[in-house]
Novice: 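Attaching a single structure in structure tokens format; questions to follow.
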Amino acid sequence: MLVRGALRGNTQAIEALVVRFQSDVFGLCVKLLRHRQDAEDVTQEVFLRIFRSLQRWDSSRPLKPWIMGITVNRCRTWLAQRVRRPELADYLHDTAAGKADDEPVEMVQEIQAAVAELRLEYQTAFVLYHDQGLPYEEIAQALKKPVGTVKTWLHRARMEVMARLQRRGMVEVQHEVP
Amino acid sequence: MKCHDFQELLQRRLDGEQLDKDWAVREHAAACLDCRSLQQAADSMLDQLRSQSPTMPPLDLTRRILVRVEADQKNRLPRRFRAPARLGRLGRLGTYLALAASVLLAVLAGMYGLPWLRAPAPKQEPQQLVKTEPPPSMEKSVEEARQAVASLADKSTDQMRVLLSVTNPMENVGMAESAPPLEPAASLRQAGQGAAEGLQTVASSTQRAFAYFFREFTQADAGKQKDSRVH
């Protein structure tokens with residue numbers, strides 16, 4: 001209904017779509033770009049793309065993977081164009097503001113740093129699964145890849161993150177009690 | 001259970017599956033230090049990811065997005081000028097019908113021609129039935145006659161040359177090269193003289209040709225008679 005209204009140019013439907021998906025789009029942009037200002041710019045571009053090509057969306061499929069696919073593509077393009085800068089501190093500062101006081105900040109930083117070191121495909125699969133909550137099938141739709149490929153990417157991403165946590169001494173190995 | 005199997009089960013647990021072989025996982029983790037460490041890392045990561053609060057966008061982001069979307073839609077072509085991305089069944093049918101009608105119209109126009117497609121016929125000038133030419137003058141008639149006789153003489157001279165070269169080529173070798181170019185006759189008398197000379201040459205050539213023929217004929221006839229006598 002919202003999509004039909006947006007296609008007819010209904011401003012209320014357009015606004016409802018923006019409100020419905022802007023948190024997901026912005027969150028994914030922040031995780032992949034690791035820069036809040038860039039994430040805001042890319043989020044606006046993503047919604048321009050969405051409304052330009054909304055008529056090409058296959059209504060038999062869920063909308064969110066389609067939107068996430070556009071977001072990933074825009075982030076990739078942005079990353080390719082952007083001169084790399086040390087953005088991690090900015091991102092961690094932003095994300096730490098939303099945490100509870102008793103959360104281990106150091107562990108959060110390590111996980112985010114580990115994710116930031118991953119290949120972009122692994123990062124994307126990791127964020128879409130653990131942060132956006134998309135199932136394998138929808139990630140595969142968003143990335144236009146087979147489900148098996150997505151599973152492989154996600155498993156490797158997890159193993160690399162966990163290996164970093166082990167290397168950095170973030171895991172206390174409990175010795176077996178005889 | 002091997003470490004590889006343990007890692008597979010660990011991934012399934014991270015996917016949210018409830019494992020039937022949980023006891024086997026615990027048993028392997030108790031025996032293998034690396035896998036136990038990996039399991040604790042997985043648990044810490046999962047707890048952290050679950051407790052993570054979503055990243056909230058800035059409050060004015062919605063307004064900024066809507067302003068840009070509205071400006072973008074105004075800059076784009078109106079909907080009626082854009083090709084429809086998806087035509088319904090009726091839309092497709094209408095498109096096919098319009099296409100078929102245009103093809104049919106083009107074929108009919110090619111076969112029969114449409115009145116507005118025909119090229120305008122050229123305007124015909126009314127024929128003049130009576131030609132109003134001025135009456136020929138005497139001087140012009142004499143001049144035309146002179147030119148006709150001169151051209152006849154030229155033609156007969158050329159024919160004579162050809163004939164001579166055929167009848168007696170050895171005698172006329174170099175004639176064409178040595179003969180001066182003929183000039184057109186200047187008057188009726190000169191034209192007549194030229195014609196007479198040409199005819200005289202033709203007559204003499206004919207006479208020689210007949211003499212040659214009769215000589216050869218008589219020699220051949222005498223030879224035949226001599227042969228018949230011998231036999």
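Chain letters run A, B, ... following the sequence lines, proteins first and then strands; every chain starts at 1. Every heavy atom of this structure was used, including side-chain atoms; hydrogens, water molecules and symmetry mates were not. Quantities reported herein were computed from a predicted structural model and do not represent experimental measurements.
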Novice: When you compare the side chain of B:Gln52 with that of A:Gln112, does any pair of heavy atoms fall below 4.5 Å?
Specialist: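 A side-chain contact exists here, since the closest heavy-atom pair is under 4.5 Å.
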Novice: Any chance CZ of A:Arg49 has more than 12 other-residue heavy atoms, nucleotides or ligands included, within less than 6.0 Å?
Specialist: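 It does not: A:Arg49 CZ has 12 such atoms or fewer within range.
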Novice: Let me know if B:Asp60 has heavy atoms under 4.5 Å from chain A in its side chain, its backbone, both or neither.
Specialist: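 Interface part for B:Asp60: neither.
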Novice: Starting at OG1 of A:Thr43, measure out to CZ of B:Arg64 and round the result to the nearest 0.5 Å.
Specialist: 9.0 Å
Novice: About how many Å separate CD of A:Gln22 and CE of B:Met56, when rounded to the nearest 0.5 Å?
Specialist: 8.0 Å
Novice: Given that the side chain runs from C-beta out, which part of A:Asp24 has a heavy atom under 4.5 Å from chain B: side chain, backbone, both or neither?
Specialist: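 No part of it gets close to chain B.
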Novice: Under 4.5 Å from any heavy atom of chain B, what part of A:Phe126 do you find: side chain, backbone, both or neither?
Specialist: side chain
Novice: So for atom CG, which belongs to B:Leu59, do other residues, nucleotides or ligands contribute more than 12 heavy atoms lying within a distance under 6.0 Å?
Specialist: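 Not more than 12 within 6.0 Å, no.
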Novice: Please look at A:Glu40 and chain B and tell me whether the side chain, the backbone, both or neither of the residue comes under 4.5 angstrom of a heavy atom of that chain.
Specialist: both
Novice: Heavy atoms, side chains only, cut-off 4.5 Å: are A:Ile14 and B:Gln73 in contact?
Specialist: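 Result yes, sub-4.5 Å side-chain heavy-atom pair found.
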Novice: Based on non-hydrogen pairs under 4.5 Å, which of A:Leu154, A:Ile50, A:Thr11, A:Val18 is most in contact with chain B?
Specialist: A:Val18
Novice: Heavy-atom distances under 4.5 Å only: say whether B:Leu61 touches chain A with side chain, backbone, both or neither.
Specialist: both
Novice: Determine whether B:Thr55 and A:Arg36 make a side-chain contact, defined as any pair of heavy atoms from C-beta on separated by less than 4.5 Å.
Specialist: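 Yes, close enough: below the 4.5 Å cut-off.
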Novice: Just wondering, more than 12 heavy atoms not from A:Lys151 lying within 6.0 Å of its NZ?
Specialist: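 No, the 6.0 Å shell around NZ holds no more than 12 heavy atoms from other groups.
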Novice: Would you give the length of the straight line joining atom CD of B:Gln11 to atom NE2 of A:His155, rounded to the nearest 0.5 angstrom?
Specialist: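 Separation between the atoms: 4.5 Å.
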Novice: Ignoring hydrogens, what is the shortest heavy-atom contact between B:Pro58 and A:Phe26? Give both atom names and the distance.
Specialist: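 Heavy-atom minimum between the residues: CD-CZ, 3.9 Å.
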Novice: Sort out for me which of B:Leu66, B:Leu10, B:Asp15, B:Val67 touches chain A most, counting heavy-atom pairs under 4.5 Å.
Specialist: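 Result: the option with the highest number of such pairs is B:Asp15.
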Novice: Looking only at heavy atoms, which two atoms of A:Gln166 and B:Leu38 are closest? And how far apart?
Specialist: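 Scanning both residues completely, I find the closest heavy atoms to be NE2-N, 3.1 Å.
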Novice: So which residue, B:Asp47, B:Leu14, B:Asp43, ends up with the most heavy-atom pairs under 4.5 Å with chain A?
Specialist: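 Option with the top pair count is B:Leu14.
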Novice: Does B:Glu17 CD have over 12 foreign heavy atoms under 6.0 Å away?
Specialist: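 More than 12 within 6.0 Å, yes.
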Novice: Need one label for B:Gln39: side chain, backbone, both or neither, based on atoms under 4.5 Å from any heavy atom in chain A.
Specialist: neither
Novice: Please enumerate all residues that pass side chain to side chain donor-acceptor pair (under 3.5 Å) together with A:Arg164, with sequence neighbours excluded.
Specialist: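 Applying side chain to side chain donor-acceptor pair (under 3.5 Å) to A:Arg164 gives A:Glu110, A:Glu117.
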Novice: Would you name the heavy atoms of A:Val108 and B:Gln48 that are closest together and state the gap between them?
Specialist: CG2-NE2, 2.8 Å
Novice: Picking from A:Arg52, A:Glu45, A:Met170, which has the most non-hydrogen pairs under 4.5 angstrom with chain B?
Specialist: A:Arg52
